[in-house]
Protein chains: 2
Amino acid sequence: MRTLLGSLRIQIPEQLYVKDPETTDLGKRIVEHSILLINELGFECFTFRKLGAAIGSPESTIYRYFENKHKLLLYLISWYWAWLEYKVVFATANVETAKDQLCNSIRTICETVKQDQNFSHINEEVLQRIVIAESSKTFLTKEIDQENKNGYFKNYKNLIERLAGIISDLNPDFKHPRTLASTLLEANHLQKFFGEHMPSITDIATQDEDLILFIETMTTSILNYGPKRS
Amino acid sequence: MRTLLGSLRIQIPEQLYVKDPETTDLGKRIVEHSILLINELGFECFTFRKLGAAIGSPESTIYRYFENKHKLLLYLISWYWAWLEYKVVFATANVETAKDQLCNSIRTICETVKQDQNFSHINEEVLQRIVIAESSKTFLTKEIDQENKNGYFKNYKNLIERLAGIISDLNPDFKHPRTLASTLLEANHLQKFFGEHMPSITDIATQDEDLILFIETMTTSILNYGPKRS
DNA sequence: CAGTTATGATAGTAATACTATTATATTTGT
DNA sequence: ACAAATATAATAGTATTACTATCATAACTG
């Protein structure tokens with residue numbers, strides 16, 4: 001992933017920030033420490049004041065980069081979706097069959113991120129934990145329709161679209177490629193969270209393999225079964 | 001459903017309230033109007049002060065029934081899970097095959113609630129909308145482990161356990177009945193939400209039938225495919 | 001080196017999430 | 001029927017949050 005992060009820039013909808021944090025050291029420090037602090041405190045207890053304290057700047061400075069903490073979260077989660085989409089692109093490049101492409105994509109999505117590819121100021125491992133615990137809060141709001149219209153969820157949609165494309169390649173008759181894509185993406189988060197915090201309602205170990213098996217089986221079986229005119 | 005609500009009481013973990021709201025008129029008014037107000041404002045903008053204004057009582061009175069708005073939400077969502085479990089029990093009673101039991105359960109879970117069975121102070125139709133948009137906020141918090149230990153999610157777990165039981169009856173070899181149960185339950189919410197607010201990433205019409213078809217197909221195909229030693 | 005821009009330091013405001021106090025109803029026991 | 005207990009109303013107060021505003025200074029830019 002070194003080359004990826006070295007040469008390609010993760011594109012974030014510019015409506016999500018006031019000033020692009022990638023353009024300054026301070027901006028990068030804001031992003032870097034917001035990830036650590038949201039993970040540590042949870043989004044509800046996270047405040048710009050605390051973030052300011054963590055980086056030694058007043059909260060008013062952070063407002064020059066992000067309008068509010070909700071948009072900062074949207075920014076971080078958007079970053080993750082774009083990053084994940086690139087990982088999926090790489091994982092499916094030069095792969096012959098759509099079946100293998102889908103398996104590789106699922107594996108990419110479900111694999112717990114390991115720290116080692118962390119060359120930028122963004123700690124992807126911690127960011128993934130934020131995505132698992134906080135990402136649904138970005139859209140489960142009363143402002144969803146307006147924010148969706150504003151393009152805040154573009155990167156999420158792109159990822160779903162890409163997965164749906166692979167699904168359709170594998171089975172062009174399948175009627176719900178997008179629904180399946182978003183279901184498997186979110187099921188991954190949900191089950192990871194339950195595995196860690198409500199183990200009694202999971203049958204899945206905390207290792208990745210078991211969850212990948214479930215999601216792979218679910219996906220391939222619905223695609224095999226779905227169009228079969230029996 | 002008349003008899004159900006008339007004779008059976010929905011059991012809510014008593015840790016969720018300070019004083020049982022079912023025991024007084026005021027308590028019922030608090031519950032009734034909290035449902036309407038959370039639906040109207042969204043959970044973030046909902047406050048005890050506004051709820052007090054809606055029922056003509058000071059906010060301090062509401063604190064005598066619920067410790068805070070998070071616990072009030074937990075109470076409402078718990079109520080829904082218990083209610084849904086009873087609906088599943090009725091929908092599967094006297095049904096011969098596990099296959100039909102599962103189909104009836106899925107139908108019960110996925111059907112959009114219609115207002116007519118609203119005999120109590122609880123408007124189940126509106127409550128279902130709250131469940132769709134807000135229920136994941138009950139567990140996606142930093143306090144999850146403690147709250148889980150305290151039994152706040154008992155009713156949710158009961159429902160998952162019941163569904164998992166039916167799934168296991170249908171296919172005793174299937175390794176992930178709980179995971180499948182929680183996945184289909186939450187996928188239902190997610191897709192209903194996306195269908196209404198982010199239609200571009202769904203292939204599912206806003207009618208129930210299409211979503212039920214997807215979830216039924218997903219469930220039955222993984223159960224057919226899963227254990228098949230091919 | 002003047003002018004712009006970014007940041008720091010500090011203050012202020014309305015709203016939120018409570019807690020506390022006291023007065024007044026209402027219910028309950030005898 | 002009346003005292004005692006309890007529930008609710010009315011009101012006030014506090015720390016924190018989510019901002020907004022102002023001004024000084026530092027840093028970069030033409």
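Residue numbers begin at 1 in each chain, while the letters A, B, ... track the order of the sequences. Here the structure is a predicted model, which is why all the values come from computation and not from measurement.
- Smallest separation of non-hydrogen atoms from Thr92(A) and Ile166(A): CG2-CD1, 4.0 Å.
- For Phe66(B) and dC18(C), the CZ to P distance is 14 Å, given to the nearest whole Å.
- Taking the six-membered ring where the residue is Trp, Trp83(B) and Tyr80(B) present tilted rings, their angle falling between 30° and 60°.
- Side chain of Thr47(B), nearest nucleotide from dT16(C), dA6(C), dT8(D): dT16(C).
- Going from atom CG of Leu41(A) over to atom P of dT17(D) covers 10 Å, rounded to whole Å.
- One can place CG of Leu26(A) at 14 Å from C1' of dT5(C), the figure rounded to the nearest angstrom.
- Between His70(B) and Thr138(B) the shortest heavy-atom distance is NE2-O, 3.5 Å.
- For Arg64(B), the side-chain atoms get nearest to dT8(D) when compared with the rest of dA10(D), dG8(C), dT8(D).
- Heavy-atom distances to DNA chain C give each of Ile55(A) and Arg49(A) a nearest nucleotide, and the one nearer the 5′ end belongs to Ile55(A).
- Regarding contacts with the backbone of dT7(C), every side-chain N or O of Thr61(A) stays at 4.0 angstrom or more from both OP1 and OP2.
- The CD atom of Glu59(A) sits 12 Å away from the C1' atom of dG12(C) (whole-angstrom rounding).
- When the side-chain nitrogen and oxygen atoms of Lys71(A) are compared with OP1 and OP2 of dC19(D), none of them lie within a distance under 4.0 Å.
- When the side-chain nitrogen and oxygen atoms of Ser57(A) are compared with OP1 and OP2 of dG8(C), one or more of them lie within a distance under 4.0 Å.
- As rounded to whole Å, 17 Å separates atom P of dA6(C) from atom CD1 of Ile62(A).
- The distance from atom CG of Leu72(A) to atom C1' of dA18(D) is 14 Å, rounded to the nearest whole Å.
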message = Tyr75(A) vs Phe66(A), test: ring-ring contact (aromatic ring centres under 6.0 Å, His included). Steps then yes/no.
response = CA-CA 9 Å; Tyr75(A) 177 94; Phe66(A) 295 101; 5.2 Å; yes

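- Here Glu44(A) does not pair with Lys142(B) in a salt bridge; the nearest charged N to carboxylate O distance is not below 4.0 Å.
- At a threshold of 4.0 angstrom between heavy atoms, the contacts of Tyr65(A) are confined to the sugar-phosphate backbone, with no base atom among them.
- Checking Thr24(B) against Ser60(B), the closest nucleotide of DNA chain D that is more toward the 5' end is the one next to Thr24(B).
- Residue contacts for Phe48(B): at a heavy-atom cut-off of 4.0 Å it reaches no nucleic acid atom on any strand shown.
- Residue Tyr63(A) contributes atom OH, which lies 19 Å from atom P of dT10(C) at whole-angstrom precision.
- Residues Gly27(B) and Lys69(A) each lie close to DNA chain D; by heavy-atom proximity, the contact nearer the 5' end of the strand is made by Gly27(B).
- The phosphate of dA15(C) (OP1 or OP2) has no side-chain N or O of Lys50(B) nearer than 4.0 angstrom.
- Regarding Lys19(A), its NZ atom lies at a distance of 6 Å from the C1' atom of dA6(C), rounded to whole Å.
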